[in-house]
There are 2 protein chains.
Amino acid sequence: MKLGEGVEAAIHCAAMLAGVEGEATLSGAAMAEAFGLSPSYLLKHLNMLSAARILESVSGPAGGYRLARSAERITLLDIVLAVEGREPAFRCGEIRQRGPAKLDASAYVKPCGINAAMLKAERAYRTALAEAKLSDIVSDFMSDADPRSVAASCAFVARHQRPQKSSSTKQA
Amino acid sequence: MKLGEGVEAAIHCAAMLAGVEGEATLSGAAMAEAFGLSPSYLLKHLNMLSAARILESVSGPAGGYRLARSAERITLLDIVLAVEGREPAFRCGEIRQRGPAKLDASAYVKPCGINAAMLKAERAYRTALAEAKLSDIVSDFMSDADPRSVAASCAFVARHQRPQKSSSTKQA
DNA sequence: TTATCGTGGATATTTATTATCCGCAATAGG
DNA sequence: CCTATTGCGGATAATAAATATCCACGATAA
C-alpha cells in the first residue's frame, strides 16, 4: 500500500494557495519552484485538482491557480481522491470463485466478507481524511510551525501571487 | 493508493487454513489451485506470512502450511502488514524544505502537519483492520455465504489437508 | 533412497509511476 | 493586432515496482 508522491505535492500546493488574497493566483511554475518539484509533472497533479473542482485555473499571463472554494470546505479526502483516484485500495478479484471446482454463479451473489472487511477499514481511513480540513492544516501551520518557516512561506506567496484584472480586492 | 493482489490471496489462504483440523497442513500448491493463482508467486506471499509468524510451515511430503496461532488471535492487520510491509502509505518527502529559499534545518524540527494528518488517518485504517479477526471472517463466511460455497470450501479442505505423523488429533 | 515440499535467490515479464516534451487554446499587455 | 505567458492535453520516454517463473537447496515422510 503506497500513496504516490503527487499527494504530498498537491496538499502542500493547496495549503499554499489558501494563503493567496482574493482572486489572485499562483502559477504552477512558482509552486514547483517553492517545493523543488519538476514543473511539468506538478502541472499534471494541479490539473487533477482543477478537474475535481478543488482549484480554479486562469489562463494567460498573470494566470495560475487559486482555490475553487474556501479552505474550510476542502478536505484532505477531496485532494487524495482527486490525485489518486476514487477506486478503493483493496480490489476484490473474486479469487474465491476462480478455483477448479467452480460453482454456479448464483452461489456467489453475496458479497465476499473479506472484501467487506477491507472496504470497511478503508471507509474509516476516508472518514478520517474527510475530517481534516485544509483550513485546519493551514491554521495549525500558522500557529505551531517555526516562525521563520511561516514568515518565509507568507513572503513567498506575497511575492508570487498575481492579482486579477477585474478583481475588486487589491494587495498592499 | 493501491494494495497488491497478494493481500487478497493471503487473506483467503489464511481463512482456508483456519478450517484445517489440529496440526494438519495444506500445501501451497493446493491453495494455489483452489484460488486459480500461480503457485510460485503465491508461495512468496505465504512465505511472508510464515516469516511474520502468522503461518507455520512443514517441509517434506505431507508438508504445507497451517496457522501459527488461533484464528482469534490473527487480524487482517497482521496479514496486510506482513504482505505489504509495515511502512505507512503516505511518506513525507519533506518537500516543504526543498525550495530555493532554504532555511536553517532548525526551522524544520517540528513535524510537518500534513504528514501528521495523513498518518492519523492511516492509524484509523489500521485500527479498523486490527479489529477484524480472522475468526470473524471465517464465522461470517460459514453463516452468511451460500451453503454450496461453504460446503465446497469445507470439502476442499477435507480433501487436501494432510495430518501430521505425531499428531494426537485425528480426522474422521 | 526417493519423491514431495518449503526456502531463497536470480531473473524475466508486465504494469504503474514519474517525468519530459510539444502543439494548442486562452488571455493580459502593449 | 501581435506577442509573450500560462494552463491543457496528448504522446512518449525513463524509472520503479509488482507480478511471475525457474532452479538449486535442505528437510522429511514413506
Could you list, one pair per line, each protein nitrogen or oxygen that sits under 3.5 Å from a nitrogen or oxygen of nucleotides 12-19 of chain D, together with the distance?
unit_1 : atom_1 : unit_2  : atom_2 : d
D:dT19 : OP1    : B:Glu5  : N      : 2.9
D:dT19 : OP2    : B:Tyr41 : OH     : 3.3

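Between B:Leu46 atom CG and C:dC5 atom P there is a gap of 14 Å when expressed in whole angstrom units. Look at CD on B:Glu56: it is 19 Å from P on C:dC5, rounded to the nearest Å. Distance, A:Glu33 CD to D:dT6 C1': 16 Å, rounded to whole Å. Protein atom NE2 of A:His160 is 10 Å distant from nucleotide atom P of D:dT6, rounded to whole Å. Regarding A:Met31, its CE atom lies at a distance of 12 Å from the C1' atom of D:dT6, rounded to whole Å. As a whole-Å value, the separation of A:Phe35 CZ from C:dT18 C1' is 19 Å. The separation between B:Met48 atom CE and C:dT7 atom P is 12 Å, rounded to whole Å. The nearest whole Å value for the distance from the CG atom in A:Leu37 to the P atom in C:dT18 is 11 Å.
With DNA chain C read from its 5' end, the first of the two nearest nucleotides for B:Lys44 and A:Ser59 is the one closest to B:Lys44.
For C:dT7, the OP1/OP2 oxygens have a side-chain nitrogen or oxygen of B:Ser57 closer than 4.0 Å. OP1 or OP2 of D:dG7 has not a single side-chain nitrogen or oxygen of A:Asn47 nearer than 4.0 Å. OP1 or OP2 of D:dG7 has not a single side-chain nitrogen or oxygen of A:Ser50 nearer than 4.0 Å. OP1 or OP2 of D:dT6 lies within a sub-4.0 Å distance of a side-chain N or O belonging to A:Arg162.
Using a distance-only test at 3.5 Å, with no hydrogens or angles considered, no donor-acceptor pair links the side chain of B:Ser50 to the main chain of B:Arg53. Checked by atom type and distance alone, the side chain of A:Asp78 pairs as donor or acceptor with a backbone atom of A:Thr75 at under 3.5 Å.
With hydrogens and angles left out, the side-chain atoms of B:Arg66 and B:Ser57 include no donor and acceptor closer than 3.5 Å.
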Would you list the atom pairs, donor with acceptor, under 3.5 Å between side chains in residues 25-39 of chain B and any protein atom, with sequence neighbours excluded?
unit_1  : atom_1 : unit_2  : atom_2 : d
B:Thr25 : OG1    : B:Ala62 : O      : 3.4
B:Thr25 : OG1    : B:Gly63 : O      : 3.4
B:Ser27 : OG     : B:Ala30 : N      : 3.1
B:Ser38 : OG     : B:Tyr41 : N      : 3.3

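One finds a salt bridge joining A:Arg96 and A:Glu94 here, because a Lys/Arg side-chain nitrogen approaches an Asp/Glu carboxylate oxygen to under 4.0 Å.
When heavy atoms are screened at a 4.0 angstrom cut-off, B:Ser38 is found touching the sugar-phosphate backbone but no base atom. Across all strands, B:Leu43 comes closer than 4.0 Å to base atoms (heavy-atom distances).
Closest to the side chain of A:Ser27, out of C:dC5, C:dT4, D:dT6, is D:dT6.
Here the side chains of A:Asp146 and B:Tyr108 are not in contact, with every heavy-atom distance at 4.5 Å or above.
Of all the heavy atoms in B:Ala152 and A:Leu103, the pair that sits closest is CB-CD1, 4.0 Å.
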